[in-house]
Amino acid sequence: MALLEVENLNVEFRGDGGWTRAVSDVGFSLDENASLGIVGESGSGKSVCALSILRLHHRRMSRMPGSRIRYDGRDLLTLSNRELRQVRGADIAMIFQDPMTSLNPVLTIADQIGETLRIHQGLDRAAARRRAVELLDMVRIPDAARRVDEYPHRLSGGMRQRVMIAMAIACRPRLLIADEPTTALDVTIQAQIMQLLRELQAEIGMSVILISHDLGLVAEFVQRVVVMYAGHVVEEADAADIFTRPLHPYTEGLLRAIPKLDHDARRLPAIPGNIPAAGNWPQGCRFSPRCALAEPACRAAPVPLDALATGRRLRCPPRRAIARDGMPEAVV
Ligand SMILES: Nc1ncnc2c1ncn2[C@@H]1O[C@H](COP(=O)(O)OP(=O)(O)OP(=O)(O)O)[C@@H](O)[C@H]1O
Ligand SMILES: [Mg+2]
C-alpha cells in the first residue's frame, strides 16, 4: 500500500469574482521510504499541492472539491482538527523556502525545537533541550551544545535551514515535504543541504517529497518526478527517464533551462512566454500557446493525461504517438 495517495486534487480559492481554481486533477502516489519530486515554473501549483496535503489553506477561503488525499490508509481531508494536528509534525513534516520567516526571532533554537517536542512528545524543558542538542548534531551543526542557546539571527542562512530541518525531523516523520528548501541559499550551501537531506532520509527511513523549479536538482535527488504546468500534471516518470528522455515539450524546456557548468546561468534560454494565471487556462492544452509543436487539435479540446506502457504519464498526444512508435529517444 502506498504511504501517500493524492487523487483528483482540485484546489479553489475564493476571490472577489467567486472561486478560482488553482490546481486541477492532480494525482500521484508515494511509497514508504520513497522520494518524489514536483517540478514546474513559478505559479504552476506546486506549493498549493504541498499545502493541501497538510490542509494548510485558509478554511473559509479555499475548497477542494472531489479531492482525495490518503495517508497510510486514512483520508486526510476528513480528519478532525485534533487528528490533523497529530498528523502534522509527527507523521508528516514540512520545510519551506525561507528559514528566517519560519523561525521565531525572539526564541532561542532550544526553545523553537523544544516547542515541537513538548507538544508532540510531552518532553519537559530539560529533556527537550537535551533532545534539541541531539537534533542539531543530527543536522551536522557544529558545537551544538553551545549553538542551541542562540537566537536565529546569529546563524547563517544555511545553518537556519539546518535548524528548520532539525525541527521537521524532531518527531521522526514518515513523510517530509520540502518546498524549495534550498532556493534562498547559494550553490555550495544548497549542495550541502541536499546531501544532508539524503543522509537523513536514509537514517530515519522517511519518504520525501521535494518541490523545486530546478529540474536538475530534483532529478538528482528523487526516484520519481511529477512535472506540473498551469495547475496540473503534464508528465510523470522515473527521474532518470525524465532527465534523459523528456517527452513533454514543457519538460524539455525545463531541462534546457538547467544551468550548465560551462554556461552563464543567467543567459540560458527560458521557455518563451508566461504561465497563465490560476484558472485562466486555455481550453485546449494549457501549454499550447507556448509550444512550438502545437497542432490545431492541441488547441481545440482539453488534453488527457495518458498512462503509457512504460509507466510514464504524459499529457501530450503528439508526443505520445511518437513514444508509442518506440522511438522516444528520437524526440530529444
Ligand atoms: N491563497 C491563494 N489564493 C488565491 N490564489 C492562490 C493562493 N495560493 C496560490 N494561488 C495561486 O495558485 C497558483 C499556483 O501557486 P503556487 O504557489 O502553488 O505556485 P508554485 O508552483 O508553488 O510557484 P513558486 O515556484 O513561485 O513557489 C498561482 O497562480 C497563485 O497565484
Ligand atoms: Mg511555491
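Just so you know, residue 1 is the first one in the sequence shown, and it goes up from there. Just so you know, ligand 1 is whichever comes first in the structure, and atom 1 is the first atom listed for that ligand.
Counting only protein N, O or S atoms, the number found under 2.8 Å from the Mg ion (ligand 2) is 1.
Ring geometry for His153 versus Tyr151: interplanar angle under 30°, hence parallel rather than tilted (30 to 60°).
If you look at ligand 1, the protein residues with a non-hydrogen atom under 4.0 Å away are Phe13, Ala22, Glu41, Ser42, Gly43, Ser44, Gly45, Lys46, Ser47, Val48, Glu180, Ala278.
Thr116 is listed as a side-chain neighbour of Cys171, based on a closest heavy-atom distance under 4.5 Å.
Glu199 and Arg140 are joined by a salt bridge, as a carboxylate oxygen and a charged side-chain nitrogen come within less than 4.0 angstrom of each other.
Ser44 and Glu41 form no side-chain donor-acceptor contact under 3.5 Å, judged by distance and modelled atom types alone.
Under the 6.0 Å cut-off for aromatic ring centres, Phe13 and His58 do not qualify, their centroids lying 6.0 Å or more apart.
Nearest heavy atom pair, residue Pro181 against residue Gln161, reads O-NE2, 2.6 Å. The two residues Glu235 and Leu247 make their nearest non-hydrogen contact at OE2-N, 3.1 Å. Residues Arg299 and Ala294 approach most closely at NH2-CB, 3.6 Å, considering heavy atoms. Between Val303 and Pro317, the shortest heavy-atom distance links the atoms CG1-CD, 3.2 Å.
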